[in-house]
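Worth saying up front: this structure is predicted, and the values here are computed from it rather than measured. Just so you know, ligand 1 is whichever comes first in the structure, and atom 1 is the first atom listed for that ligand. Only heavy atoms go into these numbers, but all of them, side chains included; no hydrogens, no water, no symmetry mates. Positions are given from 1 along the sequence.
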Amino acid sequence: MRVLTGIQASGKLHIGNYFGAMKPMIALQKEHELFTFIANYHSLSTSKDAKTLKQYTKDASIDYLCLGIDPNKTTFWIQSDVHEVLELYWILSKFSPMGLLERGHSYKDKVAKGIPANHALFSYPVLMAADILMLDTQIVPVGKDQIQHVEMTRDIATKFNNEYGDILVLPQHRVEADVATIPGIDGQKMSKSYDNAIDLFMAEKALQKRCNKIVSSSTPLGEPLAWEDDNIYALASLFLDQEQKIELQLRYQSGLEGYGHFKKYLKELIWEELGEAREKREYYLSHSDEVNDILAMGAKRTRAIAQAKMLSIKEAIGL
Ligand code: ADP
Ligand code: TRP
């Protein structure tokens, strides 16, 4: 199965991104032919300045590689290195009725949030359709907010195929079952917009400080603690198997330890889980040529597929 994921680079990654998006995505490369790219043309629709867009793109490339994208298995590139996608985007525009785009949640939400309406924001789903259709993608793993974009892609492809024959492959979306919403230090959904995130790559001391800020109940030391609604427990359990979770529950119930102990324990869990990634990250940060080579190889592989596809599309429509 050919699987495609696009990533919008938008700053530092946190524990919510890691368990909610990256880990499930990286696991896909074991079973599937995975294509993954940094969607920097998409980010341009809301980008504020060149420096930030460049930096975010670079950071995301390194973060994904160090967390486990294996360039020998997975094709990994930067969207703007495969220009063919923009040619297809224009062609697909003809098959994208205004009514369809006007119903786009993402566009409506962004405008409601005060982001100035522009054509890039409006036609964002058509570019996403081009990403997907250019590679004969069969499966697109997405968060719930992106399902509509895959449905629009199917509508656009169907319209195209009805007029010009069976050329485009209709993709299916796949929502990772069971990815719970991970709480931030205040118990609300962890998000970089809520100032409640625990970032993945913090220095050790800063990480402990951040963990110390997790809101918990005020049960005094010496009394049994309830783990059920505790944010520290909720975060720690992400790193534990069933047996370890039960062990932790018993520690909560024993009354021998307080929240401070569990905050230290959580910090250790995070620090350990990311040990290998941290080392790889250091390596890639000081070997950016290697990162560029990996991305160039990915772009070359993608371009070869895209060019062949574009030939058949252009032939079919008379360009
Ligand atoms: P943020 O809310 O910090 O801006 P994004 O919207 O950029 O995060 O999310 C990127 C990916 O990480 C999405 O696939 C999203 O589903 C996942 N994700 C983000 N926050 C969480 C969370 N708290 N719990 C689970 N998954 C999350
Ligand atoms: N719109 C997606 C997001 O914001 C990113 C994306 C762009 C994408 N093109 C894609 C995802 C193609 C999957 C397939 O998360």
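Atoms of ligand 2 found under 4.0 Å from any heavy atom of Val140, numbered from 1 in the order shown, are 13 (C), 14 (C). Heavy-atom contacts of Met190 reach the following atoms of ligand 1: 20 (N), 21 (C), 22 (C), 23 (N) (cutoff under 4.0 Å). Listed by atom number, the atoms of ligand 2 under 4.0 Å from His42 heavy atoms are 7 (C), 9 (N). Below 4.0 Å from some heavy atom of Thr181 lie the following atoms of ligand 1, by number and element: 24 (N). Ligand-side atoms of ligand 2 in range of Tyr124: 1 (N), 2 (C), 3 (C), 4 (O), range being under 4.0 angstrom from any heavy atom. Close approach of ligand 1 to Gly20 (heavy-atom distance below 4.0 Å) involves ligand atoms 25 (C), 26 (N). The distance from ligand 1 to the heavy atoms of His14 drops below 4.0 Å at these ligand atoms: 1 (P), 3 (O), 19 (C), 20 (N).
Protein heavy atom closest to atom 11 (C) of ligand 2, with residue, atom name and distance, is Gly6 N, 3.3 Å. With hydrogens left out, the protein atom closest to atom 9 (N) of ligand 2 is Asp131 OD2, 2.8 Å, a heavy atom.
Checked against side-chain contact (heavy atoms from CB on, under 4.5 Å), Gln208 has the following partners two or more places apart in sequence or in another chain: Cys211, Asn212, Lys263, Lys264, Lys267.
Salt-bridge check for Arg2 with Asp136: failed, with every basic side-chain N at 4.0 Å or more from each acidic carboxylate O. Taking 4.0 Å as the cut-off between side-chain N and carboxylate O, Glu204 and Lys209 do not count as a salt-bridged pair.
One distance of note links CG of Leu34 with CE of Met1; it measures 14.0 Å at 0.5 Å rounding.
Within 6.0 Å of CG on Asp229 lie no more than 12 heavy atoms contributed by other residues, nucleotides or ligands. A 6.0 Å sphere centred on CG of Asp195 holds no more than 12 heavy atoms belonging to other residues, nucleotides or ligands.
Of the polar atoms of Ser193, none of the N or O atoms is found under 3.5 Å from an N or O of ligand 1, judged by distance alone. Geometrically, ligand 1 and Lys192 share a nitrogen or oxygen pair separated by less than 3.5 Å.
The aromatic rings of Tyr233 and Trp227 lie tilted to each other, with the angle between the two planes from 30° to 60°. Ring geometry for Phe122 versus Tyr107: interplanar angle over 60°, hence perpendicular rather than tilted (30 to 60°).
One side chain, Thr5 or Thr36, offers a donor N or O that lies under 3.5 Å from an acceptor on the other. Between Lys192 and Ser10, the side chains place a donor N or O and an acceptor N or O closer than 3.5 Å (distance only, hydrogens not considered).
With a heavy-atom cut-off of 4.0 Å, Gln8 does not touch ligand 1 at all. With a 4.0 Å cut-off on non-hydrogen atoms, Gln146 touches ligand 2 through its side chain and not its backbone. Contacts with ligand 2 closer than 4.0 Å are made by no heavy atom of Phe35, backbone or side chain.
At least one side-chain heavy atom of Phe19 sits less than 4.5 Å from a side-chain heavy atom of Phe239.
Contact annotation: Gln146 has no heavy atom less than 4.0 Å from any atom of ligand 1. Not a single heavy atom of Gly143 lies less than 4.0 angstrom from ligand 1.
With distances taken over non-hydrogen atoms, the option nearest atom 17 (C) of ligand 1 out of Gly11, Ala21, Ala197 is Ala21.
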